[in-house]
Amino acid sequence: MKKTFIMMGLAILALLVVSCSSQKKVTRVSPEEQIDLSGRWNDTDSRLTADAMINQSLNDAWLFNFVEANPGEKPVVICGFVKNKSHEHINAETFIKDLEKAFINSQKVRLVQGGEMRDDIRTERADQQNYSSAETMKSWGREIGADFMLQGSINSIVDTEGRETVNFYQINLELTNIETNEIVWIGDKKIKKYIQN
């Protein structure tokens, strides 16, 4: 019996020593600092993609052409789905939200809500019809229709030989005229990483 207690005590002591020795150290760093740990897609890749897409989309001919054809108006854009066809999980929302923010802050493009968030807004509007006062409830049929839809894809190619790997990513975004189905802009960002193990 005494041996059992001693063994249990040693086991608990060993667990405490292991848990104390494996504590993580966390350091806060600037979001702009580039840190590559695995060679997979990371926050730096997302930021580089956002910067490239913002620059390309706000300085391309589609915007000039729209403003020239519609004096005094700003194009209305809705963001659709970005398909991830790559070999790993990539959350496109991180760079799409940066692009949406740039559209709004530029004051050159108007943005309307899409997807699940639009559905949530419509649900709230429906609730207001039953539960809000007549003076404050919002009306149906007053949404702004989008002129263009932004969609895209993320693709990747992986090349491995021995202990070396090259990860290549290509991000494409397309802006399509909703009325005519014409693609008016295609933006892209290519990222290539060489990894030695």
Side-chain angles (χ1 to χ4, degrees), residues 28-121 143-158 166-195:
R28 302 238 184 267
V29 296
S30 168
E32 285 76 37
E33 186 174 341
Q34 181 174 328
I35 301 173
D36 278 309
L37 300 177
S38 65
R40 293 188 300 267
W41 181 270
N42 62 26
D43 63 307
T44 300
D45 302 317
S46 179
R47 186 175 63 251
L48 293 172
T49 300
D51 292 346
M53 296 301 181
I54 290 166
N55 185 48
Q56 292 173 39
S57 65
L58 289 175
N59 295 302
D60 213 299
W62 78 273
L63 188 53
F64 174 78
N65 292 340
F66 181 90
V67 172
E68 190 173 81
N70 304 278
E73 292 185 36
K74 299 174 188 176
V76 179
V77 173
I78 187 168
C79 288
F81 190 65
V82 177
K83 293 180 184 175
N84 180 13
K85 300 177 181 179
S86 75
H87 68 285
E88 60 188 80
H89 172 73
I90 296 175
N91 185 353
E93 190 172 0
T94 55
F95 62 83
I96 292 297
K97 282 298 173 191
D98 288 340
L99 181 57
E100 288 178 339
K101 179 181 173 185
F103 280 166
I104 293 169
N105 290 343
S106 74
Q107 294 293 299
K108 296 178 182 178
V109 177
R110 296 173 74 187
L111 192 67
V112 293
Q113 198 63 265
E116 291 178 10
M117 290 187 176
R118 176 179 57 194
D119 293 341
D120 290 346
I121 292 167
E143 292 182 21
I144 298 170
D147 300 303
F148 301 97
M149 178 175 267
L150 183 73
Q151 297 170 300
S153 62
I154 305 168
N155 292 284
S156 66
I157 299 171
V158 178
V166 174
N167 287 343
F168 173 78
Y169 303 90
Q170 181 165 328
I171 300 88
N172 290 98
L173 295 182
E174 298 180 0
L175 200 60
T176 305
N177 183 310
I178 292 176
E179 189 168 53
T180 66
N181 208 31
E182 177 187 10
I183 298 172
V184 297
W185 172 78
I186 296 178
D188 73 317
K189 176 65 179 171
K190 296 177 176 81
I191 297 170
K192 192 172 186 176
K193 296 182 176 188
Y194 174 60
I195 306 146

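Side chains included, hydrogens not; waters and symmetry mates left out as well; all remaining heavy atoms used.
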How long is the span from the [atom1] atom in [X] to the [atom2] atom in [Y], to the nearest 0.5 Å?
X: D188; Y: T49; atom1: CG; atom2: OG1; value: 10.0 Å
X: Q56; Y: L173; atom1: CD; atom2: CG; value: 8.5 Å
X: D119; Y: E116; atom1: CG; atom2: CD; value: 7.5 Å
X: S106; Y: K74; atom1: OG; atom2: NZ; value: 8.0 Å
X: M53; Y: N55; atom1: CE; atom2: CG; value: 11.0 Å
X: I191; Y: S46; atom1: CD1; atom2: OG; value: 8.5 Å

Distance-minimising heavy-atom pair for [X] and [Y]:
X: V67; Y: E73; value: CG2-O, 4.2 Å
X: Q151; Y: G80; value: CG-CA, 4.3 Å
X: I96; Y: C79; value: CG2-SG, 4.2 Å
X: L58; Y: F103; value: CD2-CD2, 3.7 Å
X: R40; Y: D45; value: O-OD2, 3.7 Å
X: P75; Y: F148; value: CB-CE1, 3.7 Å

Does the [X] side chain pair with the main chain of [Y], one donor and one acceptor, at a distance under 3.5 Å?
X: N167; Y: G39; value: yes
X: W41; Y: H89; value: no
X: N84; Y: E88; value: yes

task: Return yes if a side-chain donor-acceptor contact under 3.5 Å exists between N172 and Q170, otherwise no.
output: yes
- prompt: For K101, which residues count as a side chain to side chain contact (heavy atoms under 4.5 Å, CB included) partner, sequence neighbours excluded?
  reply: N105
Should we count [atom1] of [X] as having more than 12 external heavy atoms under 6.0 Å?
X: R47; atom1: CZ; value: yes
X: N181; atom1: CG; value: no
X: F64; atom1: CZ; value: no

Sequence neighbours left out, cut at 3.5 Å: what donor-acceptor pairs do the side chains of residues 29-37 make with other protein atoms?
residue : atom : partner : partner atom : Å
S30     : OG   : E32     : N            : 3.2
S30     : OG   : E32     : OE1          : 3.0
Q34     : NE2  : D36     : OD2          : 3.3
D36     : OD1  : N42     : ND2          : 2.3
D36     : OD1  : K193    : NZ           : 3.4

Decide yes or no for [X] and [Y]: does some side-chain heavy atom of the first lie under 4.5 Å from some side-chain heavy atom of the second?
X: D147; Y: N70; result: no
X: I78; Y: I178; result: yes
X: L175; Y: S57; result: no
X: L48; Y: T44; result: yes

H87 vs Y169, side chain to side chain contact (heavy atoms under 4.5 Å, CB included): CA-CA, chis, key distance, verdict: CA-CA 10 Å; H87 68 285; Y169 303 90; 3.9 Å; yes
